[in-house]
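This report concerns only the one structure given below.
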Amino acid sequence: MDSTPPAAERTLSPFAKDLHLGNSLTREKERFEPYNPPYVGMYVCGPTVYSNVHLGNVRTFLTFDVVYRYLLHLGYKVRYVRNITDVGHLTGDTDDGEDKIGKKARLENIEPMEVVQRYTNDFHDVMRVFHILPPSIEPTATGHIVEQISMIQKIMENGYAYEANGSVYFDVRKFAEGHNYGELSGRRIDELQNQTRALDGQDEKRDPLDFALWKKADASHLMHWPSPWSEGFPGWHLECSVMSTKYLGRSFDIHGGGMDLKFPHHECEIAQNMGAHGPEQPVRYWLHGNMLTVNGRKMSKSEGNGFTPEELITGNHKLLEKGYSPMTVRFFMLQGHYAGTLDFSNPALQAAEKGLDRLMSAWGLLDGLAPVAEGEKAPDLSALRARAYAAMNDDFNTPVLIAVLYDAVKVVNSVAAGRMALDADGIEALKALFNEFACDILGLQPENASEAGGSDRTDGLMEVICTLRGEAKANKDWATADLIRDRLAELGVQIKDGKDGTSWTFD
RNA sequence: GGUCUGGUGGCCGAGUGGCUAGGCUCAGCUCUGCAAAAGCUGCUACAGCGGUUCGAAUCCGCUCCAGACCUCCA
């Protein structure tokens with residue numbers, strides 16, 4: 001046996017071996033062991049691009065953005081696949097509903113692909129605004145029709161699907177004879193059988209639990225492709241099975257998505273993969289992000305209680321008392337664990353806004369800290385770092401990581417105020433902590449970077465003003481000094497008199 | 001009805017057998033011309049009842065309440 005680890009494996013952080021994930025499939029927290037380290041395959045169900053994404057959607061993509069960032073930080077070579085659903089997702093509660101994209105196109109009298117492009121663009125804009133990194137591959141369902149047809153054929157050859165009147169359905173009953181259908185969602189097939197309502201237009205199916213792999217298009221359908229069975233279109237669940245298999249293989253490491261996709265979507269994905277490829281589990285770790293709620297209710301398009309990122313930023317929505325910046329929202333969401341529901345409220349957002357501001361201010365002070373040669377006994381900064389890793393390794397516990405960062409904030413502020421001394425190594429350790437955990441992993445960045453940094457002219461102007469005000473203060477001309485401070489405040493510039501002179505910040 | 005989650009202090013939100021979560025708010029103090037910032041201190045927390053245990057917010061049982069999924073939704 002070769003005892004030398006492969007070169008690639010040596011790039012992994014020593015902390016990588018302690019990463020634990022909450023696996024929805026086993027309902028256990030399990031140590032993360034990828035199939036082929038340092039390579040990691042991760043698939044996340046992306047949006048259906050028939051309307052603007054809302055904040056609840058953002059939460060899920062943010063969750064997996066942090067997962068992606070942390071895996072990269074640990075040194076994994078991650079192939080992150082996040083699809084765009086641009087066909088096959090039906091409205092209504094039966095398989096006879098209208099295609100969402102097609103419906104939108106018909107209503108607006110435009111091409112389906114115009115709908116797709118418009119909302120794909122919107123989606124990408126939103127992801128950028130929230131500092132969510134693009135995935136390695138972003139495949140579309142319409143770009144994989146050939147592969148989908150081929151997978152249906154495999155499933156049929158294995159006896160788990162049947163054709164009826166030009167459509168093809170997955171035979172859940174047959175599949176369940178030799179497989180544990182319902183393993184992921186905890187459902188039992190007999191109960192599902194009893195609970196499923198009798199719906200119209202299901203006569204083609206042998207069983208109400210069966211789901212569509214291919215649907216024959218009727219005359220009103222705008223999007224359709226030729227297939228061995230009919231001119232039609234693929235079922236919604238199929239695309240994810242096809243694209244994950246194509247880009248990540250038949251068994252890959254992580255599959256993510258929103259909690260609301262667990263059943264039936266993800267359950268069907270597993271069934272399709274096994275139906276086509278055999279009994280081994282297609283996914284080792286299933287991760288599910290929980291819902292964003294408003295007044296205790298899930299934010300969703302159909303409830304009408306969602307708002308778009310634009311409404312959020314402008315504050316132009318009845319649920320919003322004011323506008324909130326994207327970083328505030330990002331920080332707010334990271335203050336809760338991804339697996340729990342998170343309730344949106346104005347007080348909570350305002351708390352996050354202030355908390356983030358304090359965090360960012362301390363971070364900004366770091367560059368200006370003066371090290372001492374022989375620092376007093378400094379707090380144990382390596383302990384902070386270890387706690388930060390421990391938090392992330394515990395199923396991406398970002399709220400605990402943030403608590404660690406606030407401990408670092410206290411150190412920074414104390415040093416800046418002269419109450420504590422740090423040597424150069426200590427300051428570097430703090431910088432590394434912020435750069436790696438706040439910036440790289442949590443994806444936090446100072447907002448209005450250009451403004452906060454200030455242009456030379458702005459800095460010059462502010463220095464002139466502060467010098468004049470300093471003279472007024474020296475003359476005990478408090479009226480003038482306060483006038484300057486108040487007027488600047490009205491313009492969104494905060495003046496702070498410290499021991500070593502006056503500093504300013506912009507709103 | 002079934003499956004699953006959860007009920008933590010003024011608010012948000014971690015923690016899952018003994019060890020400070022954290023943020024925000026509020027009050028007091030330090031600093032300061034005042035203010036802001038920062039720091040320190042404080043602010044009647046673990047839905048209820050019973051059980052296991054030397055010890056339970058944390059485990060078990062029951063009750064109550066809320067939410068999600070079971071039909072499109074991240």
Side-chain angles (χ1 to χ4, degrees), chain A residues 24 27 44-48 50-51 53-64 89-95 97-98 100 182 185-188 190-192 194-197 199 236 256-265 267 288-293 296-303 306 331-332 335-337 339-356 358-359 361-362 365 387 391 394 397-407 409-410 412-414 416-420 473 476-478 481-482 485-486 489 494-499 503 505:
Chain A
S24 306
R27 297 170 182 80
V44 172
C45 293
T48 302
Y50 71 102
S51 68
V53 292
H54 65 239
L55 215 55
N57 306 109
V58 171
R59 185 182 184 207
T60 297
F61 301 124
L62 169 63
T63 292
F64 293 103
H89 211 156
L90 304 181
T91 62
D93 56 3
T94 76
D95 283 332
E98 201 171 354
K100 288 187 171 189
S185 55
R187 285 168 166 80
R188 291 207 302 280
D190 292 333
E191 283 160 1
L192 284 169
N194 296 334
Q195 306 313 327
T196 305
R197 289 182 299 165
L199 297 165
W236 173 41
M259 199 74 100
D260 49 355
L261 296 185
K262 205 188 227 180
F263 189 89
H265 185 59
E267 200 71 61
H288 285 99
N290 216 322
M291 299 294 104
L292 183 68
T293 61
R297 297 252 162 205
K298 173 183 171 182
M299 181 181 286
S300 72
K301 287 172 183 170
S302 49
E303 288 268 338
F331 186 68
F332 162 70
Q335 277 188 298
H337 189 257
T341 56
L342 178 67
D343 197 55
F344 176 94
S345 70
N346 283 285
L349 261 289
Q350 281 158 29
E353 188 173 54
K354 291 197 175 183
L356 177 62
R358 202 160 75 85
L359 189 73
S361 298
L365 286 174
R387 285 168 54 208
D394 184 16
N397 197 327
T398 52
V400 170
L401 170 59
I402 288 170
V404 173
L405 290 176
Y406 275 106
D407 281 348
V409 165
K410 269 188 188 177
V412 172
N413 284 331
S414 296
R419 279 184 296 268
M420 190 186 283
K473 283 174 64 184
K476 295 198 190 303
D477 179 3
W478 308 127
D482 290 351
R485 188 172 61 195
D486 292 346
Q494 266 63 52
I495 291 293
K496 296 169 190 169
D497 294 330
K499 279 201 175 72
S503 63
T505 56

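Small disclaimer: the values here were computed from a predicted structure and weren't measured.
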Next on the checklist: For a quick test of reading the model, state the closest non-hydrogen atom pair linking A:R419 to A:N413 and the distance between them.
Outcome noted: NH2-O, 4.1 Å
Checklist entry - Checking all strands, does A:K354 fall into the base, sugar-phosphate, or nothing category for heavy-atom contacts under 4.0 angstrom? => result sugar-phosphate
Next on the checklist: Both A:Q350 and A:G336 contact RNA chain B. Which one's nearest nucleotide lies toward the 5' end?
Outcome noted: A:G336
Item to check | Among B:C69, B:G23, B:A74, the one nearest A:M299 by side-chain distance | outcome: B:A74
Checklist entry - Taking N and O atoms by type only, does the side chain of A:D343 place a donor or acceptor under 3.5 Å from a partner on the base of B:G13? => result no
Checklist entry - Taking side chain as C-beta onward, heavy atoms only, is A:C45 less than 4.5 Å from A:L261? => result yes
Checklist entry - Is A:T398 reaching over with its side chain to a backbone N or O of A:Q335, donor-acceptor style, under 3.5 angstrom? => result no
Checklist entry - When all nucleic acid strands are considered with a 4.0 Å heavy-atom cut-off, which category describes A:I495: base, sugar-phosphate, or nothing? => result base
Checklist entry - For A:R358 and B:C24, is the shortest distance between a side-chain N/O and OP1 or OP2 below 4.0 Å? => result yes
Next on the checklist: Looking at the base of B:C69, is there any donor atom on it, or on the side chain of A:R187, that sits under 3.5 Å from an acceptor on the other one?
Outcome noted: yes
Checklist entry - Hey, does A:H54 reach any base, or is it just sugar-phosphate, or nothing, if we go heavy atoms under 4.0 Å? => result base
Item to check | Pairwise P distance for B:C11 and B:C34, with rounding to whole Å | outcome: 35 Å
Checklist entry - Expressed as a whole number of Å, how far does the P atom of B:G1 sit from that of B:C12? => result 29 Å
Checklist entry - Looking only at side-chain N and O atoms, does A:N57 come under 4.0 Å of OP1 or OP2 in B:A74? => result yes
Next on the checklist: Need the pair for B:C29. Rule: Watson-Crick or G-U wobble, both distances under 3.5 Å, any strand; none if unpaired.
Outcome noted: B:G39
Checklist entry - Checking A:Y406 side chain against A:G355 main chain: does a donor-acceptor pair fall under 3.5 Å? => result yes
Item to check | Under 4.0 angstrom between A:N397 side-chain N/O and B:G15 OP1 or OP2 | outcome: yes
Item to check | Whole-Å gap separating C1' (B:C24) and CG (A:L359) | outcome: 14 Å
Item to check | Nearest-angstrom distance, C1' atom, B:U25 to B:C65 | outcome: 27 Å
Item to check | Mate of B:C19 where both pairing distances stay under 3.5 Å, Watson-Crick or G-U | outcome: none
Checklist entry - For atom P, what is the distance between B:U3 and B:G10, given to the nearest Å? => result 36 Å
Checklist entry - Considering every strand shown, what is the Watson-Crick or G-U wobble mate of B:G9 when both distances are under 3.5 Å? => result none
Checklist entry - When we call it a touch if two heavy atoms are under 4.0 Å apart, what does A:S185 touch: a base, just sugar-phosphate, or nothing? => result sugar-phosphate
Item to check | C1'-based separation of B:A14 from B:C70 [nearest Å] | outcome: 31 Å
Item to check | Between B:A57 and B:G18 - P atom distance, rounded Å | outcome: 10 Å
Checklist outcome for this item: Atom CG of A:L292 and atom P of B:A68 are separated, to the nearest Å, by 13 Å
Checklist outcome for this item: Judged by nearest nucleotide, the residue sitting upstream toward the 5' end of RNA chain B, A:H265 or A:F344, is A:F344
Checklist entry - Separation of A:L261 atom CG from B:U3 atom C1', in whole Å? => result 17 Å
Checklist entry - What integer distance in Å separates A:R188:CZ from B:C4:C1'? => result 13 Å
Item to check | Heavy-atom check, side chain of A:N290 versus side chain of A:R59, under 4.5 Å | outcome: yes
Checklist entry - Under 4.0 Å between a side-chain N or O of A:K410 and OP1 or OP2 of B:A38? => result no
Checklist entry - Does A:D482 come within less than 4.0 Å of A:R485, counting only side-chain N to carboxylate O? => result yes
Checklist entry - If you measure from the C1' atom in B:C40 to the same atom in B:C54, how many Å do you get, rounded? => result 37 Å
Item to check | Pairing partner of B:A47 (Watson-Crick or G-U wobble, both distances under 3.5 Å) | outcome: B:U63
Next on the checklist: Set out, in order, the CA-CA distance, both residues' side-chain angles and the distance that settles side chain to side chain contact (heavy atoms under 4.5 Å, CB included) for A:V400 and A:D394, then state yes or no.
Outcome noted: CA-CA 10 Å; A:V400 170; A:D394 184 16; over 6 Å; no
Checklist entry - Base, sugar-phosphate, or nothing for A:M291, non-hydrogen atoms under 4.0 angstrom? => result base
Item to check | Inter-residue atom distance A:L292.CG - A:F332.CZ, 0.5 Å rounding | outcome: 6.5 Å
Checklist entry - Tell me, do A:H54 and A:M299 make a side-chain contact under 4.5 Å, heavy atoms counted? => result yes
Next on the checklist: What's the gap between B:G9 and B:G23 when it is taken at their C1' atoms, as a whole Å value?
Outcome noted: 14 Å
Checklist entry - Any N or O donor-acceptor pair linking the side chain of A:R485 to the base of B:A35 at under 3.5 Å? => result yes
Checklist entry - What is the distance from OH of A:Y406 to P of B:C12, rounded to the nearest Å? => result 17 Å
Checklist entry - OP1 or OP2 of B:C70 sitting under 4.0 Å from any side-chain N/O of A:K262? => result no
Checklist entry - Is A:R27 near enough to B:C4 that one of its side-chain N or O atoms lies under 4.0 angstrom from OP1 or OP2? => result no
Checklist entry - Are the ring of A:W478 and the six-membered base ring of B:G33 within the stacking cut-offs of under 5.5 Å and under 30°? => result yes
Checklist outcome for this item: Closest of B:A21, B:A36, B:G33 to the A:K496 side chain is B:A36
Item to check | Nearest-Å distance for atom pair NZ/C1', residues A:K298 and B:A68 | outcome: 7 Å
Checklist entry - Nearest-Å distance, CD (A:E267) to C1' (B:C69)? => result 12 Å
Next on the checklist: Side chain of A:D482 only, heavy atoms from C-beta on: which candidate in B:A74, B:C24, B:C34 is closest?
Outcome noted: B:C34
Item to check | Sugar-phosphate only, base, or nothing, as touched by A:G56 at under 4.0 Å among non-hydrogen atoms | outcome: base
Item to check | Partner nucleotide of B:C69 by Watson-Crick or wobble geometry (both distances under 3.5 Å) | outcome: B:G2
Checklist entry - Out of B:C12, B:A38, B:G23, which nucleotide sits closest to the side chain of A:Q335? => result B:G23
Checklist entry - Can you tell me how far P of B:A14 sits from CG of A:N290, to the nearest Å? => result 10 Å
